[in-house]
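Report on one structure; see the data block that follows.
To find a chain, count down the sequence lines: A is the first, B the second, and so on, and within it residues start at 1. Below, all heavy atoms of this structure are taken into account, side chains as well, without hydrogens, waters or symmetry copies. Treat the numbers as computed from the prediction; the structure is a model and nothing was measured.
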2 protein chains.
Amino acid sequence: MSIDQLLKEHAQTKSLVKGAHAFRQGDRDESLYVVQTGLLKAYYILPDGKESIKTFLKPGSMIGSLSANYNGGACTFNLVALQDARLSQLPFTVLLEGARKSHEIAREVIEFLLALYMKKEQREYELLSLPAAERYQRLCAEDPDLIEQVTQNDIALYLGITPVALSRIKKRLQLSEDGGHH
Amino acid sequence: MSIDQLLKEHAQTKSLVKGAHAFRQGDRDESLYVVQTGLLKAYYILPDGKESIKTFLKPGSMIGSLSANYNGGACTFNLVALQDARLSQLPFTVLLEGARKSHEIAREVIEFLLALYMKKEQREYELLSLPAAERYQRLCAEDPDLIEQVTQNDIALYLGITPVALSRIKKRLQLSEDGGHH
DNA sequence: AATGCGCATTAACCCGGGTTAAGAGGAGCG
DNA sequence: CGCTCCTCTTAACCCGGGTTAATGCGCATT
């Protein structure tokens, strides 16, 4: 028994048109989503009304508000489609029950959480130690498609800066490229 | 079978005097540590030689370099005692084997990873959205003892700023306190 | 008492990013 | 065609934090 099988047997399909939300901050959506097609972003609305982007999601990504489950709270972020998207939706209860019954699923869940944690740790490291310009360059290097598909506004919010600042950074980078080679 | 029992049966005790390291960046230490007594910090040395503090550890905390295990890599950070400390050391292999055999342990591991992930997510949120002054105030509110026991230098490195900046922030805060009440 | 060391404070200067606002280029639509 | 909306760019100004360096202070050592 694996997570894939669980999905095949118990997941519902959820289709979203561009701009539609899967769930919003404050909702009590207790499901795991797996992206089949499309592109989405998970984002916070901060107390001061500003937006901060947690992550982008491409086909194959899984997401769900863990805190909505772990301690019975509400979703802490929003999930919206940047392009038409199709998701598989699986109640967390089904997943956790699966983990109780199957070692394989438990192992997969542990694996998944480990990977998730390490990605977050990597991001924390970058936020603490790298200037915005370098964070941008790394993002470009590691996921060039994303830069194409997402507005500069959203890239900036993901990097933790404003679109204006990102525009300046891009200019500086291309200047030092042009002037740099001798 | 629980993690506590595993520890009782298989863990070794490791004692550290103030300033001694449990492991260092680059080591291949594949153990889980549980703090019994003392105070420790986990920190990175950045490429430019600067230090960045990942977390402080008080009795009851667990830690270990997940990436040293998850993908057979080396430790990505250092663990050092800020005060004399006593740790329980358990090989990860024992823990993972335990999780394979016991649902209870698997559940505890999942629980632990979930909690770990949510703490990181919280920190990411704060790094992205809060100014340094507010991050400091939150830290003071949520863990006042820590502020007492740790040098201002380390507090600053944990907050992602320099000790100089933290000193300025403290001054500003106490000014706005004194001037603030009317 | 004198020396040295680590830690905290303060000041002066610089720079990156935030803020606001203006303008430029496309894309869609009447 | 002109209009609007959206995205990106650029400029001007401000401010927080980094950097460096000087100073002060407690504490340990001798």
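- Phosphate proximity of C:dG18 to A:T162: present, with a side-chain N or O under 4.0 Å from OP1 or OP2.
- Considering only heavy atoms from C-beta on, A:R123 comes within 4.5 Å of B:L128 through its side chain.
- Sorted pairs that involve residues 2-27 of chain B and meet salt bridge (Lys or Arg N to Asp or Glu O under 4.0 Å), not counting sequence neighbours, are lacking altogether.
- Cluster partners of B:L57 are A:Y125, B:L16, B:F23, B:Y33, B:V35, B:L40, B:Y44, B:L46, B:I63, B:F77, B:L79, B:L87, counting Ile, Leu, Val, Met, Phe, Trp and Tyr whose side-chain heavy atoms approach within less than 4.5 Å, directly or via other members.
- For the pair A:L82 CG and D:dT7 C1', the computed distance is 15 Å after rounding to whole Å.
- With hydrogens and angles disregarded, a donor-acceptor distance shorter than 3.5 Å links the side chain of B:R135 to the backbone of B:L159.
- Per the geometry, CD1 belonging to A:I169 stands 16 Å off P belonging to C:dC15, to the nearest Å.
- Atom CG of B:L46 and atom C1' of D:dG18 are 15 Å apart (whole Å).
- Residues of residues 121-144 of chain B that place a heavy atom closer than 4.0 Å to DNA chain C do not occur.
- Here the C1' atom of nucleotide C:dG6 and the NZ atom of B:K18 are 11 Å apart, to the nearest Å.
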Could you list, one pair per line, each protein nitrogen or oxygen that sits under 3.5 Å from a nitrogen or oxygen of nucleotides 9-14 of chain D, together with the distance?
residue, atom, partner, partner atom, Å
D:dT9, OP2, A:Q152, OE1, 3.1
D:dT9, OP2, A:Q152, NE2, 2.5
D:dT9, OP2, A:S167, OG, 3.2
D:dT9, O5', A:S167, OG, 3.3
D:dA12, N6, A:R168, NH1, 3.3

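- Closest approach to the B:K50 side chain among D:dT19, C:dG18, D:dC8 is made by D:dT19 (side chain taken as heavy atoms from C-beta onward).
- Remark: P of D:dC6 and CG of A:N153 are 12 Å apart, rounded to the nearest angstrom.
- Not a single donor-acceptor pair under 3.5 Å links the side chain of B:Q149 to the backbone N or O of B:L39.
- For the pair B:I161 CD1 and D:dT19 C1', the interatomic distance rounds to 14 Å; values are reported in whole Å.
- Under 4.0 Å is where a charged nitrogen must lie from a carboxylate oxygen, and between B:K54 and A:E121 at least one such pair does.
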Check: So A:H103 and B:H103, side-chain contact (heavy atoms from CB on, under 4.5 Å) or not? Walk me through it.
Finding: CA-CA 8 Å; A:H103 285 120; B:H103 285 120; 3.7 Å; yes
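- Separating the CD atom of A:E148 from the P atom of D:dC8 is a distance of 12 Å, rounded to the nearest angstrom.
- Looking at A:E104 and A:E108, their side chains come closer than 4.5 Å, going by heavy atoms from C-beta outward.
- One interatomic measurement links the two molecules: CG of A:L159 to C1' of C:dG16, which rounds to 15 Å at whole-angstrom precision.
- Annotation: side chain of B:Q122 is not in contact with side chain of B:M118 (no heavy-atom distance under 4.5 Å).
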Item checked: Strand DNA chain D in bracket notation, Watson-Crick/G-U under 3.5 Å with | for pairs to another chain -> ||||||||||||||||||||||||||||||
With a cut-off of 3.5 Å and sequence neighbours excluded, list every side-chain donor-acceptor pair involving residues 160-170 of chain B.
residue, atom, partner, partner atom, Å
B:T162, OG1, B:A165, N, 3.2
B:K170, NZ, B:Q152, OE1, 2.8

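- Between the side chain of A:Q5 and the backbone N or O of A:S2 there is at least one donor-acceptor pair closer than 3.5 Å.
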